[in-house]
Every structure is written in structure tokens, then in C-alpha cells.
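Only a predicted model underlies this, so the values are computations on that prediction, with no experimental measurement involved.
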Amino acid sequence: MSSSNPNQIIEHIVLFKAKPDADPSAVNAMLRNLNSLASLDSVLHLFAGPISRCRSNSLTFTHMLHSRYRSKPDLNSYSENPNHVSVVANYVKPVVDDVMAVDWVADDFSDPPVVSPGSAIRLTILKLKEGTGDSGKSEVLGTLKGVEEKFPSIEQLTVGENFSPGRAKGFSICSIAIFKGLKELEAMDSESELANEQKDKVDGVVVLDYVVATSAQSASL
């Protein structure tokens with residue numbers, strides 16, 4: 001693993017839309033093989049599973065992969081690893097008809113990078129309106145970062161700007177909020193507040209919830 005800032009991690013998110021006619025066993029095989037990539041040397045954390053709730057004005061996804069790395073070179077090492085390339089070719093592409101991916105740098109991160117089984121996650125991805133300048137972007141980022149103060153049940157929060165535009169569909173601002181469990185997550189409804197505060201700058205919003213499976217649940221995937 002490459003040496004880098006110990007208080008920084010790279011967040012990597014891939015969203016999948018399974019084909020409506022995809023065989024459930026093939027979808028489960030996709031998830032099992034994606035989760036097997038957690039053993040790769042450069043990976044700090046990786047989990048793939050079904051999305052429990054998807055709210056978007058234009059996009060629909062059914063499954064999500066979240067992984068973490070210490071540096072951009074570590075993320076590249078994962079992406080180029082033959083095992084990863086094989087899983088994507090043989091288990092992912094045959095069963096999905098849409099994919100979206102974003103990556104961002106989480107600075108000042110001193111929490112454990114591994115997300116505990118049973119944790120609930122809310123992912124928020126925003127597309128800024130054309131012409132939004134740096135000051136507007138900073139306001140949106142500040143609003144997302146301020147969510148942690150308003151909702152103390154958030155155990156981890158990272159916010160950043162996507163640095164991999166190729167598969168992001170024009171979305172550029174990202175955040176992940178991690179909660180102890182689904183009950184704590186469901187008590188939060190900040191995406192509506194965000195939309196009201198920054199609606200003059202935001203052209204699209206994707207908000208997804210999912211739960212990191214326990215070992216027993218993972219074995220049944």
C-alpha cells in the first residue's frame with residue numbers, strides 16, 4: 001500500500017441499475033464477487049449491496065458499492081487489478097444497464113476507515129447548475145458539511161468534490177453520512193433542507209440509503 005496522508009481517505013462510489021429481467025442469482029453473484037474484492041491490498045473498506053431507498057429526479061439505481069483507499073494511487077491499483085477487471089467483465093456488465101461512479105478526497109479524516117456491519121449510510125450526490133462559480137460551490141459544500149452539527153447521530157461524514165468526471169453524469173458534489181443503524185438514519189431528512197437552502201445552485205439531486213450487511217446477511221447474498 002502506498003504511503004500517504006494518514007488523515008485522508010479516498011471515497012469511491014459506484015451505483016448500479018440492475019436490468020429488470022436480470023436473474024436474481026446473477027445479481028447475487030455480482031454482489032458476492034464485488035465483495036470479494038475487499039481482500040485486495042489497496043482496499044481499506046469495501047461493501048456492495050442493495051439500495052434500500054433511492055430518491056432522484058432523473059436516475060434510478062438498485063445497488064451500490066462503497067470502498068475506501070488511502071490515496072489516489074491505491075484507488076488506481078484497485079481499478080487496474082486483474083481480479084477487479086474480471087469481476088466487472090464477467091459478473092457486473094452482464095446484469096446491469098446503467099452505472100454511475102464518483103470519487104472524492106476526504107481530508108481531516110481520523111475515524112476508522114472500515115464501516116461497521118449494520119451501519120446505515122446516506123449518500124447524497126449533487127449536480128450544480130451551469131455557471132455556478134467557486135463561491136456558490138463553496139456554499140453548497142458548506143451546507144453539506146453543516147449537516148453533522150444538526151444531526152449528532154451521524155457517526156461519520158465526508159464531503160468533497162468528485163475528481164473522476166467520466167462516469168459521474170455531470171454530478172460533482174458528494175457526501176456520505178454514516179449512522180449506527182437504520183433507525184438513526186430514518187430520523188434525518190436533511191436532503192429537503194439542503195434542496196431548499198441551495199436550490200438556486202443545484203440542478204440535480206441523488207439521495208440513496210443502504211445498510212452494510214452483517215456477516216450472516218452477506219453470506220446469503
Side-chain angles (χ1 to χ4, degrees), residues 1-18 26-51 61-96 98-117 119 121 123-125 141 155-178 206 208 210-213 215 218-219 221:
M1 187 175 298
S2 65
S3 60
S4 58
N5 183 351
N7 292 322
Q8 170 188 290
I9 60 166
I10 306 301
E11 300 276 27
H12 174 62
I13 295 288
V14 184
L15 306 176
F16 308 96
K17 180 182 179 182
V27 175
N28 288 337
M30 174 186 75
L31 294 176
R32 280 197 308 273
N33 281 274
L34 285 171
N35 281 311
S36 73
L37 299 175
S39 63
L40 297 181
D41 288 343
S42 63
V43 176
L44 297 176
H45 166 75
L46 184 149
F47 177 75
I51 292 168
F61 298 102
T62 58
H63 298 81
M64 170 174 153
L65 178 144
H66 173 217
S67 55
R68 287 173 160 176
Y69 308 85
R70 190 58 67 191
S71 65
K72 291 181 181 180
D74 282 353
L75 171 58
N76 292 335
S77 175
Y78 159 81
S79 299
E80 296 169 0
N81 187 284
N83 291 338
H84 172 261
V85 173
S86 175
V87 168
V88 171
N90 296 318
Y91 295 98
V92 176
K93 288 185 177 180
V95 299
V96 304
D98 196 15
V99 175
M100 177 176 169
V102 291
D103 306 300
W104 69 97
V105 178
D107 291 314
D108 299 321
F109 185 90
S110 58
D111 295 321
V114 176
V115 181
S116 300
S119 298
I121 291 181
L123 170 72
T124 303
I125 310 177
L141 288 167
E155 296 190 332
Q156 287 186 15
L157 177 72
T158 76
V159 178
E161 185 175 359
N162 175 49
F163 62 78
S164 302
R167 295 186 296 167
K169 301 182 185 295
F171 286 74
S172 61
I173 304 297
C174 319
S175 79
I176 276 185
I178 299 175
V206 176
L208 304 173
Y210 89 111
V211 177
V212 179
S215 297
S218 296
L221 288 176

Chemist: I'd like to check I51 versus F16 (side-chain heavy atoms, cut-off strictly below 4.5 Å). Are they in contact?
Modeler: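 They are not in side-chain contact.
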Chemist: Could you check if a side-chain atom of V43 sits within less than 4.5 angstrom of a side-chain atom of D41, using non-hydrogen atoms only?
Modeler: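 A side-chain contact is absent here, since even the closest heavy-atom pair is not under 4.5 Å.
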Chemist: So H84 and Y78, would you call those rings parallel, tilted or perpendicular, with 30° and 60° as cut-offs?
Modeler: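 Tilted, since the angle between the ring planes falls between 30° and 60°.
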Chemist: Any side-chain heavy-atom pair from I13 and L65 closer than 4.5 angstrom?
Modeler: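 Contact flag for I13/L65 side chains = no.
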Chemist: Supply the atom-to-atom distance S77 OG to L40 CG, rounded to the nearest 0.5 angstrom.
Modeler: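 Between atom OG of S77 and atom CG of L40 there are 8.0 Å.
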Chemist: Taking atom NE2 of H12 and atom NZ of K72, what is their separation to the nearest 0.5 Å?
Modeler: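 Atom-to-atom, H12:NE2 and K72:NZ are 14.0 Å apart.
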Chemist: How long is the span from the CG atom in L37 to the OG atom in S86, to the nearest 0.5 Å?
Modeler: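 Here the rounded value is 9.5 Å.
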Chemist: Side chains of I121 and V115: does their closest heavy-atom pair fall under 4.5 Å?
Modeler: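 Yes. Closest side-chain heavy atoms under 4.5 Å.
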Chemist: Before giving the answer on side-chain contact (heavy atoms from CB on, under 4.5 Å), spell out for D108 and Q8 the whole-Å C-alpha distance, their side-chain angles and the decisive distance to 0.1 Å.
Modeler: CA-CA 6 Å; D108 299 321; Q8 170 188 290; over 6 Å; no
Chemist: So how far is it from F61 CZ to K17 NZ, rounded to the nearest 0.5 Å?
Modeler: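 So the CZ of F61 and the NZ of K17 are separated by 8.5 Å.
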Chemist: For the atom pair CG (L34) and CG (L46), what is the distance rounded to the nearest 0.5 Å?
Modeler: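 These two atoms lie 7.5 Å from each other.
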Chemist: Residues in side chain to side chain donor-acceptor pair (under 3.5 Å) with S36, at least two apart?
Modeler: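 Not a single residue meets the side chain to side chain donor-acceptor pair (under 3.5 Å) criterion with S36.
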Chemist: Can you see which heavy atom on V85 is nearest to which on S79, and at what distance?
Modeler: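 Taking V85 first and S79 second, the nearest heavy atoms are CG2-O, 3.8 Å.
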Chemist: Could you walk me through whether M100 and V14 pass side-chain contact (heavy atoms from CB on, under 4.5 Å), step by step?
Modeler: CA-CA 6 Å; M100 177 176 169; V14 184; over 6 Å; no
Chemist: Do H45 and H66 have ring centroids that are under 6.0 Å from one another?
Modeler: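 Judged by ring-centre distance (under 6.0 Å), H66 and H45 do meet the cut-off.
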Chemist: If you take all heavy atoms of D111 and F109, which pair is closest and at what distance?
Modeler: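 Answer, listing the atom of D111 first, then F109: O-CE2, 3.0 Å.
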Chemist: Please find the pair of heavy atoms, one from S42 and one from Y69, that lie closest to each other, and give the distance.
Modeler: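 The pair with the smallest heavy-atom distance is O-CD2, 3.2 Å.
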Chemist: Is the shortest heavy-atom distance from the side chain of L123 to the side chain of I125 under 4.5 Å?
Modeler: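 Yes - at least one pair of side-chain heavy atoms lies under 4.5 Å apart.
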Chemist: Looking at every non-hydrogen atom in both residues, tell me the closest pair between S119 and I178 and how far apart they are.
Modeler: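 Looks like CB-CG2, 4.1 Å.
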Chemist: Check this for me: does any side-chain nitrogen of one of D98 and K169 sit under 4.0 Å from a carboxylate oxygen of the other?
Modeler: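 Counted as a salt bridge, because a side-chain N and a carboxylate O are separated by less than 4.0 Å.
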Chemist: Work out which heavy atom in N35 is nearest to a heavy atom in A48; give both atom names and the distance.
Modeler: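 Closest approach of N35 to A48: OD1-N, 2.7 Å.
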Chemist: Once side chain to side chain donor-acceptor pair (under 3.5 Å) is applied, do any residues pair with S175, and if so which ones, sequence neighbours excluded?
Modeler: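 Partners of S175 under the side chain to side chain donor-acceptor pair (under 3.5 Å) test: none.
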Chemist: Taking only residues two or more places apart in sequence or in another chain, which ones pass side chain to side chain donor-acceptor pair (under 3.5 Å) with S116?
Modeler: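 With neighbours one apart ignored, the set is empty.
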Chemist: Just do the side-chain contact (heavy atoms from CB on, under 4.5 Å) check on F47 and V211 with the steps written out, would you?
Modeler: CA-CA 10 Å; F47 177 75; V211 177; over 6 Å; no
Chemist: Calculate, to the nearest 0.5 Å, the distance between atoms CD1 and CG belonging to I173 and N162 respectively.
Modeler: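 These two atoms lie 8.5 Å from each other.
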Chemist: Quick one: closest heavy-atom pair of V27 and A18, and the distance?
Modeler: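 In terms of heavy atoms, the two residues are closest at CG2-CB, 4.4 Å.
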Chemist: Taking side chain as C-beta onward, heavy atoms only, is I10 less than 4.5 Å from R70?
Modeler: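 No, every pair of side-chain atoms sits at 4.5 Å or beyond.
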Chemist: Hey, are the side chains of R68 and E11 touching, using non-hydrogen atoms and a 4.5 Å cut-off?
Modeler: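 Yes, side chains in contact.
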Chemist: A side-chain contact here means heavy atoms from C-beta on lying under 4.5 Å apart; do L31 and H63 qualify?
Modeler: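 They are in side-chain contact.
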